[in-house]
Amino acid sequence: MESIGTWWMWVGFFAIVLVMLAIDLFVVGGSKQHRVSVREAATWSLIWVSVSMLFAGALWLYLDGTAGRELANQKALEYITGYLIEKSLAVDNVFVWLMLFGFFAIPPELQKRVLVFGVLGAIVLRTLMILAGVWLIAHFHWLLYVFGAFLLITGIKMWWFADEKPDLANNPLINWIRRHVKVTDQLHGESFFIKRPEAGTLVRYATPLFLVLVLVEFSDVIFAVDSIPAIFAITTDPFIVLTSNIFAILGLRAMYFLLADMADRFSLLKYGLAIVLIFIGTKMLLIDVVKIPVLLSLGVVAGIIATSVALSLRRSNTPVPNPKLGKEMS
């Protein structure tokens, strides 16, 4: 499959990712059991977005000088559109993480370590899935229709069940782990495993923090199945697909802490994400019939997300009428 990525571009990209991960692990997450403030999360979210856009600018400058303005504009738009789609769909990850941490009563100062491993796992997993997807599409073009139908159905289901809450108490994965692994009833700091003396020997126990980590990684598998096919509706260039996806994930931990205290204010965002998936699924199903320009796709996705966020904020600021007050006035 054709790609703009040369060997040194791939090396440069992975070098940037390693540097950003090192900063995220040792600078942002340097102190243990440190509760990330909203201001700190907002600052780092801005930094991650800025680096991602600087990468887009560098890509455009390089292509403009070597391949021409038309290709530079096209690939930069593909990257930005893919980045926006993946970043938007990643918000669903944030909502699930909030639910998991709340269910297991994980305090904010312990959430950071789980998210570090969650993001690292997501990067490795998505890299493998994207490379596999690129290979499959290169050999079986009809898979784009399968991905399109899948996204369309997923979008409809997301809209239909937007207000449904998963039953974590009866989650099959949690129950399977509890049947096969000894799990403590209490947290033990940032430890995923501890050892307890039993009958003269030390027995390994998993902590609830390990259960949360497993569910975080598993949830990313589920969301990757949704989000990765979505970007193939924009481009099948492996370099653009991978770079936009990974850059969208890198700032996910900071975005989580930024939205953690405001999640309830974005009650309509899930409906917006559902419409995005329906639009992208439809675009993929019509890929050989109607060519929707990348710039138009970018505008549609940005418009849907912006509208859903604005309506959510407006709804959260609308006072709820008090029925008792109405009766007293009458």
What's the spacing between [X] [atom1] and [Y] [atom2] if we round to 0.5 Å?
X	Y	atom1	atom2	value
W97	M255	CH2	CE	7.5 Å
Y145	I287	OH	CD1	7.5 Å
F147	I231	CZ	CD1	12.5 Å
F13	L242	CZ	CG	4.5 Å
L295	N73	CG	CG	10.0 Å
E70	K75	CD	NZ	11.5 Å

Side-chain donor-acceptor pairs under 3.5 Å in residues 116-131, sequence neighbours left out?
from, atom 1, to, atom 2, distance (Å)
R126, NH1, S227, OG, 3.0
R126, NH1, N245, OD1, 3.4
R126, NH2, D220, OD1, 3.1
T127, OG1, I123, O, 2.7

Does the side-chain contact (heavy atoms from CB on, under 4.5 Å) test come out yes or no for L71 and Q74, once each step is laid out?
CA-CA 5 Å; L71 184 64; Q74 176 190 340; 4.0 Å; yes

For L61, give me all partners under side chain to side chain contact (heavy atoms under 4.5 Å, CB included), at least two apart in sequence or on another chain.
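So L61 forms no side chain to side chain contact (heavy atoms under 4.5 Å, CB included) with any residue.
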
Quick one: closest heavy-atom pair of [X] and [Y], and the distance?
X	Y	value
P229	A224	CD-O, 3.7 Å
L89	A230	CD1-CB, 4.2 Å
P238	V134	CG-CG1, 3.5 Å
S3	D237	OG-OD1, 2.7 Å
M9	G5	SD-CA, 4.1 Å

Ignoring hydrogens and angles, tell me if any N or O in the side chain of [X] forms a donor-acceptor pair with the backbone of [Y] under 3.5 Å.
X	Y	result
S219	L215	yes
S308	L268	no
E86	I249	no

Is there a path of hydrophobic side-chain contacts, each under 4.5 Å between heavy atoms of I, L, V, M, F, W or Y residues, that connects [X] with [Y]?
X	Y	answer
W60	V294	no
I174	V183	yes
L151	I153	no
L46	W48	no
F239	L18	no

Taking it one step at a time, do I240 and L59 satisfy side-chain contact (heavy atoms from CB on, under 4.5 Å)?
CA-CA 10 Å; I240 300 298; L59 179 66; 3.8 Å; yes

Suppose we screen for ring-ring contact (aromatic ring centres under 6.0 Å, His included). Which residues come up paired with [X], at least two apart in sequence or across chains?
X	value
Y79	F55
F14	none
F279	none
Y62	W8

So, using side-chain hydrogen bond (donor to acceptor under 3.5 Å, both in side chains) as the criterion, who are the partners of T235 when residues are at least two apart?
E78

Determine whether Y271 and L311 satisfy the following criterion, side-chain contact (heavy atoms from CB on, under 4.5 Å), listing intermediate values before the conclusion.
CA-CA 11 Å; Y271 293 98; L311 292 176; over 6 Å; no

Suppose we screen for salt bridge (charged side-chain N to carboxylate O under 4.0 Å, His left out). Which residues come up paired with R69, at least two apart in sequence or across chains?
D64

Checking K270 now: which residues fulfil salt bridge (charged side-chain N to carboxylate O under 4.0 Å, His left out) with it, not counting sequence neighbours?
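Checked K270 against salt bridge (charged side-chain N to carboxylate O under 4.0 Å, His left out); matches are D92.
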
Can you list every salt bridge (charged side-chain N to carboxylate O under 4.0 Å, His left out) pair that touches residues 132-160, not counting sequence neighbours?
none

Assess whether side-chain contact (heavy atoms from CB on, under 4.5 Å) is satisfied between L273 and L277, documenting all intermediate values.
CA-CA 6 Å; L273 297 177; L277 287 179; 5.8 Å; no

Which other residues end up in the same hydrophobic cluster as L54, if Ile, Leu, Val, Met, Phe, Trp and Tyr are linked when side-chain heavy atoms come under 4.5 Å apart?
none

Does F218 CZ have over 12 foreign heavy atoms under 6.0 Å away?
no

Below 3.5 Å, can you tabulate the donor-acceptor pairs from side chains in residues 191-202 to any protein atom, sequence neighbours excluded?
from, atom 1, to, atom 2, distance (Å)
S191, OG, H188, O, 3.4
E198, OE2, Y205, OH, 2.2
T201, OG1, E198, O, 3.0

